[in-house]
There are 4 protein chains.
Amino acid sequence: MEQQMYDPIDTASRILRAAEKLFAEQGFKETTMRQITTEAQVNLAAVNYHFGSKSGLIHAVAEHTLEPLCADIEQALASQGHKHNVALEPLLNILASALIRIHRGNSYALSVLMRCLEQAYRSNQSELQAFLLQSYGKRLNVFLHHLRAGSGVTDEREFFWRLHFLLGSIVFTLSNLHALVALDTPGGEAAAEIEPVLKRLVPVITAGMQAPVQPGVI
Amino acid sequence: MEQQMYDPIDTASRILRAAEKLFAEQGFKETTMRQITTEAQVNLAAVNYHFGSKSGLIHAVAEHTLEPLCADIEQALASQGHKHNVALEPLLNILASALIRIHRGNSYALSVLMRCLEQAYRSNQSELQAFLLQSYGKRLNVFLHHLRAGSGVTDEREFFWRLHFLLGSIVFTLSNLHALVALDTPGGEAAAEIEPVLKRLVPVITAGMQAPVQPGVI
Amino acid sequence: MEQQMYDPIDTASRILRAAEKLFAEQGFKETTMRQITTEAQVNLAAVNYHFGSKSGLIHAVAEHTLEPLCADIEQALASQGHKHNVALEPLLNILASALIRIHRGNSYALSVLMRCLEQAYRSNQSELQAFLLQSYGKRLNVFLHHLRAGSGVTDEREFFWRLHFLLGSIVFTLSNLHALVALDTPGGEAAAEIEPVLKRLVPVITAGMQAPVQPGVI
Amino acid sequence: MEQQMYDPIDTASRILRAAEKLFAEQGFKETTMRQITTEAQVNLAAVNYHFGSKSGLIHAVAEHTLEPLCADIEQALASQGHKHNVALEPLLNILASALIRIHRGNSYALSVLMRCLEQAYRSNQSELQAFLLQSYGKRLNVFLHHLRAGSGVTDEREFFWRLHFLLGSIVFTLSNLHALVALDTPGGEAAAEIEPVLKRLVPVITAGMQAPVQPGVI
DNA sequence: GATGAATGAGGCTTCATTCAT
DNA sequence: TATGAATGAAGCCTCATTCAT
């Protein structure tokens, strides 16, 4: 009759959630298959059955975060009508809102996202890079074009660098969110609320992006 | 009889240099002892003999970068006399100059430094954190106090967060310097010059730090 | 409702054909159940359902080749009337013709047969040996008796060894037919025609079998 | 003082001997690292330390047989003076004598050799093939040229096929020597003496090689 | 009949470390 | 001071099989 008395969530989902948690907390390389299968209460071979390999599992976890994130951003951009020039701060708020929504649905998603971004520039991670680029390159590029138009930075190279400076702020902050919140509220058992942090972050990024360009550089 | 006819640099130094290079390029965990000893042309057991363990080697490599960096910063601060309030941009230039000098002396030092900072907020890296805190906590705090005074940010928590936002910019940028420079100069074989990048970074950080504080947050 | 609109061949046959192909190309041990079920476009569990186990499948594949081969040889012998002494070369031609006919009906059959013969003398393959012996021992022995009578080799042990020497020629040649044909016709895309090879083989075997016996051996 | 009370043979040799035995008895693929290290009473990781991988161990085992075999044949050829035409039977006796000597020094060597030759024509064993070809291709070719000259077979393709027919006899016989000897002397505990078998084999091969060529084939 | 899911056993390899010399 | 050898733990992956449906 009823099927899984003791198994309300299916195995693949359990693996995915366990992997998300452990990848978020420890990183991809640092997390072992055994940790994942123990956490998920699943046989070690089940990962291979459902995801092919550890690498396949990483891809699935990445998709699980990036897919809804891209969709959220695209929807927000679309609702802005076809204005070709959205200002910087509204764009950053679109991003921040998307991040917040993702985070609400899945408290590990942002950490996973940040782990991906960390790897995205590592020379020895070409496989993950290729996957990310192929799956999400175009979609993220759309947002980047808006960002560049809204930034007011005319020089292409200056924009490139500022983009990564500020990407660094985001990645570093959200990657270490738990630790930073713990430092911020010593003694307190404060949950790692993302919203106030992003509220602090957006104006800093905006100001950084719009800082006057050093004359000698360009 | 005599030992190193062909060995002008001693074993420990060779290990240290090899480890620095590989840690910088690949990260601590990703680098194996065998890679290090192969690069250093040294016996596998020599690392444990000279440094006790891989962890000990990491500490030594960290010291090799952090010690001169702290000294450089302290000297620069001292030469400013005992003005208690140095402005933000001069402080950042002190930091940038120190980083540049370190980089000139040892092209892997900054990458190693960034690897350390990446780990400094990871919950599963308590051992490295304890080492860094004990060895350099006080010395770095001096600079942080200057920074806070110069930042103009009166609220302590706001300063805390902005500090880490901007630390993120630095860490992310310098960690991925090679990849970013490669993206910036496609086709070109540009050496990863750090100086122009820092020149771009300082005004962005300055502006970010001095952004108007969001009214609702505090 | 109706089951195989799109499935003109039934599952068991599809498995058998896929297994034949893969066993022929790769060997029994080297071929995995997953390869077989993928090739057959069949569920992984279907093999065990229809054949009980991998071992059972191997038996079925062996039968699929050996049964018609034995029947063919028996028929040819019967058509020779009840002459008790058929000469060696006609006997070998009976065998060659049988092999050729089998091959025409099923291009993987001979490779499978050779794989079986390879295993037939391996000490760790007692299960397959027992199966072959029980199923085909008597029938093949009939042919062997004819062969011995026709060989002209009077000494039983000498016949035993010569039989296996020449069996080796056949097994080795037909097992590696593809590779050998490829070496024989470099550049050419020659299909692995078995007939000309057997035409070359029969006289060699005949001569070998009828070589003068070394005086000292017996 | 004395070094290895319990370890008179060094680890690498013990591994090599154990691997030789098991490869000879079971084949390369069928033999597991664990069987080898158990037989050699050695840690599982020791194989990797000394030979790099299972594949590296297979290469070493192959070398251990092929090197002395080639050397033996070369020496025998050299002692024939510079006669450019040695007759077929003397050549086969050179080969047989070499095989016998190898076998005396190492009772598993011939089985290993035959395992190599079995794989030498398998399409999925390109790595082993490449190794064998590179290491011994030239040396074995010298012997093959003598063989061709001595065979009296003028047509190149006919020689190619006859060579492999007769190679098949050798490979099959020596591969299954234990089983065949057991069948030959039922009840007896006869050691697998190779010499009488080769004495029976040489005239058969000689006759086969010199069989009249089928008119229609060439 | 047939299947998707799951599993335990076992495969090879890699790692940091330690030991005896 | 230095080293070649050895090791136990752990890594990921693959296999044939079985189970519930």
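Protein chains get the first letters and strands the later ones, always in sequence-line order, with residue 1 at the start of each. The analysis underlying the following values was restricted to heavy atoms, covering all of them including side chains, and did not include hydrogens, waters or symmetry mates.
With salt bridges taken as basic N to acidic carboxylate O contacts below 4.0 Å, none links D:K29 and C:E30.
At least one side-chain nitrogen or oxygen of B:T11 sits closer than 4.0 Å to the OP1 or OP2 atom of F:dA2. For F:dA2, neither phosphate oxygen OP1 nor OP2 lies less than 4.0 angstrom from any side-chain nitrogen or oxygen of B:N43. For B:R34 and E:dT14, the shortest distance from a side-chain N or O to OP1 or OP2 is not below 4.0 Å. At the phosphate of E:dA6, OP1 or OP2 sits under 4.0 Å from a side-chain N or O atom of A:H50.
Atom C1' of nucleotide E:dA16 and atom CG of B:L44 are separated by 8 Å, given to the nearest angstrom. Rounded to whole Å, atom C1' of F:dA16 lies 15 Å from atom CD of C:E30. For the pair C:Y49 OH and E:dA2 C1', the interatomic distance rounds to 7 Å; values are reported in whole Å. In this structure, CD of D:Q35 is placed 18 Å from P of E:dA9, rounded to the nearest angstrom. Counting to the nearest Å, the P atom of F:dA9 and the CE atom of D:M33 are 20 Å from each other. If you measure from atom CG of A:D10 to atom C1' of F:dT21, you get 16 Å, rounded to the nearest angstrom. For D:I36 and E:dG11, the CD1 to P distance is 11 Å, given to the nearest whole Å. Rounded to whole Å, the distance from CZ on A:F51 to P on F:dC12 is 15 Å.
Residue contacts for B:T31: at a heavy-atom cut-off of 4.0 Å it reaches the sugar-phosphate backbone alone, with no base atom in range.
For the pairing with D:F28, the side-chain contact (heavy atoms from CB on, under 4.5 Å) check across D:R115, D:E118, D:Q125 returns one residue only, D:R115.
For C:A45, the listed nucleotide lying nearest its side chain is F:dC19; candidates were F:dC19, F:dG4, F:dC15.
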If you apply the rule side-chain hydrogen bond (donor to acceptor under 3.5 Å, both in side chains), what do you find for B:E20 with B:N106, and how did you get there? CA-CA 9 Å; B:E20 236 163 16; B:N106 174 355; 3.0 Å; yes

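Shown here, E:dT21 forms a base pair with F:dA2; the pair counts as Watson-Crick or G-U wobble because both key distances fall under 3.5 Å.
By the 4.5 Å heavy-atom criterion applied to side chains, D:E63 and D:Y136 are counted as neighbours.
Comparing A:A12 and B:N48, the nucleotide of DNA chain E nearest to each residue sits closer to the 5' end for A:A12. Remark on DNA chain E: of its neighbouring residues D:K54 and C:A46, the 5'-side contact belongs to C:A46, judged by nearest-heavy-atom nucleotide.
Side chains of B:S111 and B:E25: no donor on one and acceptor on the other come within 3.5 Å.
Separation of the P atoms belonging to F:dA20 and E:dG1 is 22 Å when rounded to the nearest angstrom.
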